[in-house]
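Since the model is a prediction, treat every value here as computed from it, not as a measurement. Remember, it's 1-based here, ligands and their atoms both numbered in the order they're listed.
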Amino acid sequence: MNQPAEKPFYLEGNFAPVYEESTADTLEVIGAIPPELNGRLLRNGPNPQTGWSGHWFFGNGMIHGVEFEKGKANWYRNRYIRTPLFADPEGDPIAALMELDKSSANTHVIHHAGKILALEEAHLPWEVSTALDTVGVYDFGGKLTTPMTAHPKVCPVTGEMLFFAYGIFPPYLTYHRVSADGKLVQSEEITVPGGTMMHDFNVTLNYVIWMDLPAVWDISDMADGGLPIRWDPTYGARLGVMPRNGGNANVKWYDINPCYVFHPLNAYEKDNNIIVDVCRKDSIMDGDSEAPARLYRWVIDQVAGTVSERQIDDRTAEFPRVCDTVVGREYRYGYTAGLAATLPYGERYIKYDLSDYSSKTVELGAGRQGSEAVFVKDPNGTSEDDGWLLGYVYDQATDKSEVLILNASTMSEKPVARILIPARVPMGFHGSWIPF
Ligand SMILES: [Fe+2]
């Protein structure tokens with residue numbers, strides 16, 4: 001595939017891929033790593049092995065990881081996920097959309113029922129080992145016959161993993177439920193008017209909430225090799241509330257103003273309402289640039305059949321995260337990367353207090369860019385925000401990256417610890433804290 005004459009943003013600076021898979025067993029630490037951190041901070045992202053893959057979303061997945069144990073950082077390593085798309089570097093990522101195992105596996109890395117899965121929304125998951133080696137494609141014992149979203153939700157109460165698949169062709173939407181021990185126990189086709197890019201969804205203790213938004217697939221629109229997506233407000237925009245154990249017949253749809261959401265922060269039930277907090281964009285793109293996302297609260301009134309919306313902050317915010325134990329439950333704190341005006345990378349981390357919509361901010365400083373920060377709970381903590389924010393931060397001055405550990409309770413500008421990595425970790429997408 002030919003690289004464009006003018007490099008797009010996602011091949012410049014710290015978006016550019018790294019080509020070396022490395023392992024570092026000795027890492028310099030500034031500050032003190034909390035001894036309660038025992039596990040691995042894994043982060044996935046697109047890293048085109050040929051330097052160019054046609055779109056930011058198509059680069060081959062590469063996982064970066066740091067292992068923490070008893071106050072020490074044991075190692076850093078980065079590994080490609082060796083899918084058939086990796087084995088065929090000149091392969092066409094659009095044609096690969098037709099083959100379930102031909103994943104870039106580049107969007108998220110999660111854990112459930114003892115497995116670590118690299119995810120990308122148009123294909124099956126790929127399992128990797130704790131040392132980040134590729135194990136193989138994973139289809140839940142042959143039961144999963146659709147793609148899997150990169151944003152499944154693990155219920156902190158039942159241990160179930162809920163997810164979905166969207167299709168460019170019918171079926172446009174399929175719901176899946178996996179038991180706490182990893183068995184795919186329910187799959188339901190859900191009727192929506194067309195094929196849209198449905199990147200994420202919401203769960204509460206009793207419901208899933210679909211976001212059927214007007215980013216419509218149109219494969220006739222592939223002239224420039226980009227994503228064949230058309231912004232089409234005439235498609236409408238709606239939220240669909242469905243019982244977690246229900247199906248298509250049980251979905252109640254609510255119209256909302258046309259908008260796009262890549263990532264929700266969290267959702268929960270409150271009396272007759274369902275609260276849904278999201279990073280909302282007015283449109284998917286703003287000309288050739290990513291449209292800015294801002295934190296909004298939707299309140300679905302299940303009695304009146306209406307949805308109200310309220311903007312929480314003027315600043316751009318993306319890569320929203322909450323404590324894993326409050327997913328789908330009434331909660332107070334959310335964490336986002338605050339994005340620079342023109343590029344989708346973080347120049348600050350923001351902690352939101354949803355009880356009064358206040359926030360605390362840690363600025364990363366000149367030439368420093370943060371990717372998604374993950375909240376890790378302090379096992380000895382009592383408050384929801386007792387814990388740490390861990391993020392991969394790039395420093396232009398050294399052309400290297402580090403794991404930045406912040407005190408999530410105080411959001412002090414002074415880090416708890418910085419683990420210096422002898423390599424660059426490109427900006428990437430999503431990751432997880434995976435305890436031992
Ligand atoms: Fe995402």
Check your understanding: From the Fe ion (ligand 1) out to just under 2.8 Å, does an N/O/S atom of His199 turn up?
Key -> yes

Check your understanding: By atom name, which N, O or S atom belonging to His263 lies closest to the Fe ion (ligand 1)?
Key -> NE2

Check your understanding: Salt bridge check: are Arg294 and Asp282 linked by an N-O gap of less than 4.0 Å?
Key -> no

Review point. Should Glu402 and Arg368 count as an ion pair when the cut-off is N to O under 4.0 Å?
Key: yes

Exercise for review: Could you check Tyr349, Tyr335, Tyr352, Trp388 and say which one makes a ring pair (Phe, Tyr, Trp, His ring centres under 6.0 Å) with Phe375?
Suggested key: Tyr335

Practice item. Apply the ring pair (Phe, Tyr, Trp, His ring centres under 6.0 Å) test between Phe164 and each candidate in Tyr172, Tyr175, Trp210; give the one that qualifies. Key: Trp210

Review point. Once rounded to 10°, what is the value of the angle centred on the Fe ion (ligand 1) between His151 NE2 and His430 NE2?
Key: 90°

